[in-house]
Every structure is written in C-alpha cells, then in structure tokens.
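Only this structure's heavy atoms are used, side chains among them; waters, hydrogens and symmetry mates stay out.
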Amino acid sequence: MTRFLLIIICFIGLQTQLIAQASINDYKYIIVPKQFDFLSSPDQYETSSLTKFLFNKYGYTAFFDDDDLPEDLSKNRCLGLKVDMQKNKAFLATNIQISLKDCNGNIIMTSAEGRTKVKEYKKAYHTAIREAFITYQFFDHKYVAN
C-alpha cells in the first residue's frame, strides 16, 4: 500500500513539474555575452558574433550584453534569455553545447552537441557552433506575452 501511495505521489509531482516548465516562447529577446567562459578574450574566434548572427538569422531578436538594449528589456531583464555556451571535453575534437538560461539562471533549453574534428580553432568553433545551432534553427519562435 505504501509503495502504491509513493508511486502516485511521484507521478503527481512529475506532472506538476512538466506543466510548470517555461517555454522559449515566453521570452522576447536573446542576450549573447561578449565573452564565453572557456575563452580568454572577448569575441575570441568570433564566437559571440557568430552566435548573435545565427540567432538573428533564424528569427530571434538577439543583442550583445553590452549593446544598447530596448527599453522593455533594460527595465525587465527577465524578458530575455542569456546564452551560455559550454565547451565539452573531448580528445582531438571540439564539442560545443548552447544553453539558454532565464534571469534566475534556470536552463530553459539546451542544444544538441556540435562536434567537429577540425584542428584550426576558428574553423572548429564556427563548425561546432553551427552544428549545435540546428536545435534552434528549426524551432518556430513566437513570443507570447504573459
């Protein structure tokens, strides 16, 4: 009997979690940092520029974190998602994963891993970012105000 009760409680908790999750359509803007954690200088290998370009190309509204932001975004940072790019460890390969985080640091969406074995850094990062971006490329983003 207690086992059955525990299963029911877990099921209800899981359903509540699934319903409460935020969607990418709840956010109007994408904020791209000028420098990602794994790089040593701002926009090294043009990673930030490429990321912003790809988000804008595929229908999102992206800004750098140091740009002049729209008035509604500057008043309410929770209208935007912040891009977080991770470089996953791999031997003789470059693996990139792109996550979108809300203003509280919660991950809203994570891309598939972009992987390449190109040796030149700039080409490797660009190829891996473009491959990881396939997740966001075909997502139909339409902002829905709450």
Side-chain angles (χ1 to χ4, degrees), residues 6-118 120-146:
L6 183 63
I7 290 172
I8 296 296
I9 291 172
C10 289
F11 181 74
I12 292 172
L14 180 65
Q15 290 297 326
T16 306
Q17 281 290 85
L18 291 176
I19 292 170
Q21 287 184 349
S23 167
I24 193 172
N25 289 328
D26 295 340
Y27 301 92
K28 192 173 183 179
Y29 303 106
I30 305 290
I31 302 168
V32 181
K34 273 294 210 179
Q35 181 176 349
F36 293 109
D37 294 338
F38 60 91
L39 297 173
S40 58
S41 65
D43 205 17
Q44 189 175 11
Y45 309 117
E46 298 175 355
T47 52
S48 298
S49 298
L50 177 64
T51 305
K52 179 186 171 200
F53 168 77
L54 290 173
F55 272 113
N56 284 324
K57 179 180 178 183
Y58 293 114
Y60 301 86
T61 307
F63 295 98
F64 286 126
D65 55 358
D66 62 353
D67 282 349
D68 289 331
L69 301 175
E71 187 176 332
D72 57 345
L73 180 60
S74 60
K75 288 181 180 177
N76 183 6
R77 281 288 189 149
C78 290
L79 282 176
L81 291 171
K82 186 174 181 187
V83 176
D84 184 32
M85 191 178 296
Q86 301 89 26
K87 180 181 177 192
N88 300 330
K89 293 184 179 184
F91 182 69
L92 298 176
T94 302
N95 296 345
I96 297 289
Q97 203 164 21
I98 302 170
S99 299
L100 296 176
K101 294 183 176 182
D102 66 6
C103 59
N104 297 320
N106 301 320
I107 296 176
I108 301 301
M109 190 171 185
T110 301
S111 73
E113 188 174 72
R115 181 179 173 90
T116 184
K117 290 191 175 191
V118 175
E120 185 183 334
Y121 284 119
K122 185 174 179 179
K123 285 184 182 178
Y125 284 122
H126 280 226
T127 304
I129 289 170
R130 287 180 185 275
E131 191 175 310
F133 208 85
I134 290 173
T135 304
Y136 302 113
Q137 179 178 348
F138 297 112
F139 188 84
D140 187 27
H141 178 257
K142 302 277 190 240
Y143 172 62
V144 179
N146 289 342

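No donor-acceptor pair under 3.5 Å is formed between the side chain of T127 and the backbone N or O of A124. Of the possible polar contacts, one joining the H126 side chain to the Y45 backbone as a donor-acceptor pair under 3.5 Å is found. Within the 3.5 Å criterion, the main-chain N or O of F53 finds no donor-acceptor partner in the side chain of N56. The main-chain N or O of L69 is never found under 3.5 Å from a side-chain atom of D67 such that the two would form a donor-acceptor pair. The main-chain N or O of R115 is found under 3.5 Å from a side-chain atom of E131 such that the two form a donor-acceptor pair. A donor-acceptor pair under 3.5 Å links the side-chain atoms of S111 to the main chain of I98, judged by distance alone.
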Checklist entry - Passes side chain to side chain contact (heavy atoms under 4.5 Å, CB included), N88 versus E113? Steps please. => result CA-CA 9 Å; N88 300 330; E113 188 174 72; 2.5 Å; yes
Item to check | Evaluation steps, side chain to side chain contact (heavy atoms under 4.5 Å, CB included), between Q86 and S99 | outcome: CA-CA 8 Å; Q86 301 89 26; S99 299; 3.5 Å; yes
Item to check | Test log, rule side chain to side chain contact (heavy atoms under 4.5 Å, CB included), inputs K101 and I108 | outcome: CA-CA 6 Å; K101 294 183 176 182; I108 301 301; over 6 Å; no
Next on the checklist: Set out, in order, the CA-CA distance, both residues' side-chain angles and the distance that settles side chain to side chain contact (heavy atoms under 4.5 Å, CB included) for L81 and D102, then state yes or no.
Outcome noted: CA-CA 5 Å; L81 291 171; D102 66 6; 4.2 Å; yes
Next on the checklist: Test ring-ring contact (aromatic ring centres under 6.0 Å, His included) on Y29 and F63; report intermediate values, then the result.
Outcome noted: CA-CA 8 Å; Y29 303 106; F63 295 98; 5.7 Å; yes
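Side-chain atoms of K87 and I96, non-hydrogen and from C-beta on, do get closer than 4.5 Å to each other. Contact of the L79 side chain with the D72 side chain is registered, since non-hydrogen atoms from C-beta on lie closer than 4.5 Å. Using a 4.5 Å heavy-atom threshold, the side chains of V118 and T94 count as separate. Inter-residue side-chain proximity for P33 and F64 is flagged as unmet; no heavy-atom pair is nearer than 4.5 Å. Side-chain contact check for I31 versus L73: some heavy-atom pair is nearer than 4.5 Å. Side-chain contact between M85 and F38: present, with at least one pair of heavy atoms (C-beta onward) separated by less than 4.5 Å. The closest side-chain heavy-atom distance from I24 to H141 is below 4.5 Å. Side-chain atoms of V83 and I30, non-hydrogen and from C-beta on, do get closer than 4.5 Å to each other.
A salt bridge is absent between D84 and K82; no separation between the charged side-chain nitrogens and carboxylate oxygens falls under 4.0 Å. Look at E46 and K122 and you find a salt bridge, because one of the NZ, NE, NH1 or NH2 atoms lies within 4.0 Å of a carboxylate O, short of that distance.
Contact detail for K142 and N25: the closest heavy-atom pair is N-OD1, 2.9 Å. When all heavy atoms of K117 and L92 are compared, the closest pair comes out as CG-O, 3.8 Å.
Using modelled atom types, one finds no donor on one side chain facing an acceptor on the other under 3.5 Å when comparing Q35 with D43.
Remark: aromatic rings of Y27 and Y143 are distant, center separation not under 6.0 Å. Taking the centre of each ring, F133 and F55 come in below the 6.0 Å mark. No close placement of the F139 and Y60 rings is indicated, their centers lying 6.0 Å or farther apart.
Separation of atoms CG (N76) and SG (C103) is listed at 7.0 Å; rounding is to 0.5 Å. One finds the OG atom of S41 at 11.0 Å from the NZ atom of K34 (value rounded to the nearest 0.5 Å). Within the model, atoms CG of L100 and OG1 of T110 stand 7.5 Å from one another, a figure rounded to the nearest 0.5 Å.
Environment of CG in N104: crowded, with over 12 heavy atoms of neighbouring residues, nucleotides or ligands closer than 6.0 Å.
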